[in-house]
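Written out below as structure tokens is the structure these notes cover.
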Amino acid sequence: QVQLVESGGGLVQPGGSLRLSCVVSGRTLPYYTIGWFRQAPGKEREGVSCISTSDGSTYYADSAKGRFTISRDNAKNTVYLQMNSLKSEDTAVYYCASTGILLRFSDCVSRDVYNYWGQGTQVTVSS
């Protein structure tokens, strides 16, 4: 089993920043793919960004490009999502998920490829 624990969510004003963390533990593979997803009330869970822990490849959904940065610290088994210039529409529960190395990396924003999920952390952007 693999466990993922998210942290770093909270309330922030529009234009502000937050950094989310995802700590991975358990029977992890040497290298894997971590995705960040979000789900707003009444909406589908959507992919935001993902990273390969083997070569650091990254992928961003259009909604995240230019504002969010994903990174990893393999020594700490932790993946981060730095979110800047936050907007009200970024309000959602943010989840991280884990799977193996993908043959087609662009699939990493699809929920269907992930085996393990965290419990989520709430991000609220409001004045």
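What you see is a predicted model, and the numbers here were worked out from it, not measured in a lab.
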Separation between [atom1] of [X] and [atom2] of [Y], rounded to the nearest 0.5 Å:
X	Y	atom1	atom2	value
Asn84	Phe68	CG	CZ	8.5 Å
Asp107	Thr33	CG	OG1	10.0 Å
Gln82	Leu20	CD	CG	8.5 Å
Glu46	Arg111	CD	CZ	10.0 Å
Ile70	Ser57	CD1	OG	11.5 Å
Thr58	Phe105	OG1	CZ	6.5 Å

- Verdict with supporting geometry, Ser52 and Ser54, side-chain hydrogen bond (donor to acceptor under 3.5 Å, both in side chains): CA-CA 5 Å; Ser52 168; Ser54 65; 2.8 Å; yes
- Item | pair Leu4-Ile34: side-chain heavy atoms closer than 4.5 Å |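 Heavy-atom side-chain distance check passes, below 4.5 Å.
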- Query: Which pairs with one or both residues in residues 62-75 pass salt bridge (Lys or Arg N to Asp or Glu O under 4.0 Å), sequence neighbours excluded?
  - Reply: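 For residues 62-75, and leaving out neighbouring residues, the salt bridge (Lys or Arg N to Asp or Glu O under 4.0 Å) pairs sorted by first residue read Asp62-Lys65, Arg67-Asp90.
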- Query: Could you walk me through whether Val24 and Thr78 pass the side chain to side chain contact (heavy atoms under 4.5 Å, CB included) check?
  - Reply: CA-CA 6 Å; Val24 184; Thr78 301; over 6 Å; no
Please check if the side chain of [X] supplies one atom and the backbone of [Y] the other of a donor-acceptor pair under 3.5 Å.
X	Y	answer
Glu6	Gly120	yes
Asn74	Thr53	yes
Thr99	Val113	yes
Thr91	Val125	yes

- Message: So, using ring pair (Phe, Tyr, Trp, His ring centres under 6.0 Å) as the criterion, who are the partners of Tyr94 when residues are at least two apart?
- Response: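 Testing Tyr94 for ring pair (Phe, Tyr, Trp, His ring centres under 6.0 Å), a comparison that skips the adjacent residues, returns none.
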- Task: Mark yes when over 12 heavy atoms from residues, nucleotides or ligands other than Gln119 sit less than 6.0 Å from its CD; otherwise mark no.
- Result: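 Atom CD in Gln119 is not packed in, count stays at 12 or less.
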- Quick one: list whatever passes side-chain contact (heavy atoms from CB on, under 4.5 Å) with Ala40, sequence neighbours left out.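 Partners of Ala40 by the side-chain contact (heavy atoms from CB on, under 4.5 Å) criterion, ordered by chain and then number, come out as Lys43, Ala92.
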- Item | Partner residues of Ser7 under the side-chain contact (heavy atoms from CB on, under 4.5 Å) criterion, sequence neighbours left out |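 Here the qualifying residues are Ser21.
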- Sequence neighbours left out, what pairs pass ring-ring contact (aromatic ring centres under 6.0 Å, His included) with at least one residue falling in residues 13-65?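 Sorted pair list: Phe37-Tyr114, Phe37-Trp117.
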- Task: Please list all pairs passing the disulfide bond (SG atoms under 2.5 Å apart) test where one or both residues lie in residues 80-127, with sequence neighbours left out.
- Result: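 Residue pairs with at least one partner in residues 80-127: Cys22-Cys96, Cys50-Cys108.
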